[in-house]
Asks: 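Structure incoming, see below.
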Amino acid sequence: MHLPLLNIIDTVRQLGWGGAFELLRNGIVLGSVYALIALGYTMVYGILKLLNFAHGDIYMVGAFLGYGVLSILGGPLAPTIAMVPLILLMFLGGMLGSGVLGVVVERFAYRPLRNAPRIAPLISALGVSFFLANSALLLTHGERFNYAMYQLGGDPNTGLPGPLNQPAFSVAGRPVTVVQVLVVSTSIALMIALTLLVSRTRLGKAMRATSYDREAASMMGIDTDRVIASTFFIGSVLAGAAGVMFGLYIGETYYLMGFLAGLKAFTAAVVGGIGSIPGAMVGGLLIGVTEAYAAGYVGGQWSDVAVFGILILFMLLRPSGLFGAKTIQKV
Amino acid sequence: MKKLSIVAMLGVLAVLATAATGASSATNALQAPTGSAGLANALVTCGTTRTIGIAYPATGPAASIGQQQFRWAQFFQTRWNKAHPKDKVKFVQGDTKLPDTAAALAVAHQFASNSSILGLVGPAGSQEVQDTVAVFKSAGLAVVSGSATRVLLTRSVGGDQRETPAGYFFRTVPNDGQQGDRVASYIASKLKKKRVYIIDDQESYSQGLADQVESNLKAKSGYTVGRDHVAQTVSDFSSVITRIPSNTQIVYIPWQLPPKAQLFYTQLRAAGKTATVFGSDGTFAPGTFTGAGSYVSAFPVDFNSKEIKAYRAAHGGQDEAFGLPTYSAAIVNAMAIMKACKNGTASRAEVRTNVKNIKVPKAASLLGFPVQFLSKNKGKQQGPGDMGGTADFAIFKIGAGGKYTRVG
């Protein structure tokens, strides 16, 4: 009889160090995407104590906007401009569009409920989530769209990959592709930018003050409505970037993609300590790496079980999350 | 007196209203049902437009293929109504939200109690058929699916009993047993590859096919067959790809969603693995699954037929061939209803009897074979409700530029 544990040990042995690195690489890339989405959850929670369940759908919209820019500029098989400006424009379109959407959602779905019982904006968030997902369904007829970055700059006749899927370097004989480097480095750059914004700028100071005590901040002359709108804008910009990054790396965009990714990012925010920016980053990476190792060593069918198992464990053993108790930095 | 005349007038109005309601309902159902069970034999006045229910995933993760099925049904409706102005059909839609079988069940109850529905196209998934067929049976409706391919739906195998009552389930696609045999035989005898890795997407359709191919290959000597699973919601296959041994020659992915097959193909290549990808009819989608060098099993469609060309022209150059059997399922229903309506009225029981005996010629089915249903077991895999005759799967190879060429 083959016990499950023996199967796992067998797989670990078969995959070796090279396989272990490959899984770590996969997890870090995916975790970078989760971390960016988780930042939006954590920022909004930090400032409003609201779980913005529409955030995953803003990520979905960002992915669609990036795809839209790609399509307008000729698509991956026949782009009308060079690759670098093409990708920059995709990010710009996805991030700006998502940012504006986040502000609109805050203005019309959450601000009128600012002083209502906490359950009201939560229900409103769920409503916005369904509204966005179903609007996307109506607009796209449920089709799945493929960024097809594998083909960008490649040869469709030979099926050889384009530059984004060429190895940038190798570790233990396992390639790390250009797009994987791009996703992780973009994610790190955006996280550093956010950390600097929160810790070094007037807006960041206002965000921290509003997070600490909204009423007092208002009495000190801070325009809290503007600060909250800015928080939604920044969080949504990051979600838009995550959507485009997912499109570049994985390829697929469709109207329900925000649901599961949003839940996983929410898990990352909780694991990291909701309200904590470093917590969201670490939580995202932890969730991504857990998912990758569970899929690699135990089996693809177990990856979601492992991710949400971690959520349950943290809720039972450390509900404040990894960084929640210390609350080093809160917006 | 004045009061009396008012009461009398109200009485007359009430009688007229009752008569009007009765006349109105008589246009729909001559025999008033007491519940959906009573509708099985209820006679419905046919008129010039008859109603068919179509249960398909309009939303949910499988919406992309469900929408294809519906577009093919609409394409059929337009053509049929033009050719049969006195025997038109219209569709009542039900969104089964595959894989949400609770939604499929809700649609089943909705259709069962709608007395105007005489025939049924769908549901799409085998798991949906398993959960809804009892409801449809109690209402006397025949299930005619264009994509539910699980063997046990029509045939007892080993110790496992048939999962649908005979005479209530029909399909316009060959079943998984036929497809599994065809794929395993092609891998073994034509491709001559012995290291195969199979990944199912954890849905009933996919697991059935994967089991079939796995057991077929393992029964042959010298084969190394690995097996894995991924959830249908997964888009990042990188960690599953890590598990595939680097010397694997064929990766068989009997999945329901062609875009996922394309994602898997590109991620496999990006990981530097060169195994040939082999998909099932669920991944058969020229224009979507375009991985050069891959294989797909599907019905032997003639892409040059004028109907398919017309569909392509009307749908942005896409064949959307996964929806073709739904077109055939709609023909089966329309023909069965037209026959039952010859005397001006029809019941679901009559339509169901007609479905059993329907024959759709090869040219009209668009599937590459005629559609007619078996009334008894055939071979080791097929049972009543399966297609008889020459219905079987073909093998296509995807060439440069995503071109599909039949190779077996």
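Within every chain, numbering begins at 1; the chains are lettered A, B, ... in the order of the sequence lines, protein sequences first and strands thereafter.
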Asks: Top residue by heavy-atom pair count (under 4.5 Å) with chain A, among B:G66, B:P259, B:G291, B:G60?
Replies: B:G60
Asks: Can you tell me if A:F308 has over 12 outside heavy atoms packed within less than 6.0 Å of its CZ?
Replies: yes
Asks: Do B:Q262 and A:E252 touch side chain to side chain, with heavy atoms closer than 4.5 Å?
Replies: no
Asks: Identify which part of B:I199 has an atom lying under 4.5 Å from any heavy atom of chain A, answering side chain, backbone, both or neither.
Replies: neither
Asks: In this structure, are over 12 heavy atoms from other groups packed under 6.0 Å from B:F303 atom CZ?
Replies: yes
Asks: Output the option from B:S64, B:S239, B:A58 having the highest count of non-hydrogen pairs under 4.5 Å with chain A.
Replies: B:S239
Asks: Under 4.5 Å from any heavy atom of chain A, what part of B:R71 do you find: side chain, backbone, both or neither?
Replies: side chain
Asks: With chain B as the partner chain, list the residues of residues 140-148 of chain A whose heavy atoms fall under 4.5 Å from it, by residue number, and write 'none' if nothing qualifies.
Replies: A:H141, A:G142, A:E143, A:R144, A:N146
Asks: Please flag which part of B:D236 lies under 4.5 Å from any non-hydrogen atom of chain A: side chain, backbone, both or neither.
Replies: both
Asks: Quick check on the interface: out of B:P258, B:S235, B:A63, who has the most heavy-atom pairs with chain A under 4.5 Å?
Replies: B:S235
Asks: Pick one: which of A:N26, A:L30, A:L23, A:V29 meets side chain to side chain contact (heavy atoms under 4.5 Å, CB included) with B:S238?
Replies: A:N26
Asks: Which region of A:V298, side chain (C-beta onward) or backbone (N, CA, C, O), has a non-hydrogen atom less than 4.5 Å from a non-hydrogen atom of chain B, or is it both or neither?
Replies: backbone
Asks: Which answer fits A:Y255, side chain, backbone, both or neither, if we ask what part of it has an atom under 4.5 Å from a heavy atom of chain B?
Replies: side chain
Asks: Which region of A:I250, side chain (C-beta onward) or backbone (N, CA, C, O), has a non-hydrogen atom less than 4.5 Å from a non-hydrogen atom of chain B, or is it both or neither?
Replies: both
Asks: Only pairs of heavy atoms separated by less than 4.5 Å count here; which of B:L263, B:V230, B:T288 has the most with chain A?
Replies: B:L263
Asks: Ignoring hydrogens, what is the shortest heavy-atom contact between B:A270 and A:N165? Give both atom names and the distance.
Replies: CB-OD1, 3.5 Å
Asks: Against chain A, work out which of B:T242, B:T59, B:V240 has the most heavy-atom pairs shorter than 4.5 Å and name it.
Replies: B:T242
Asks: Report the option among A:G18, A:G300, A:S303 that has the most heavy-atom pairs separated by less than 4.5 Å from atoms of chain B.
Replies: A:G300
Asks: Take atom CZ of A:F21 as the centre, draw a 6.0 Å sphere, and report whether it contains more than 12 heavy atoms from other residues, nucleotides or ligands.
Replies: yes
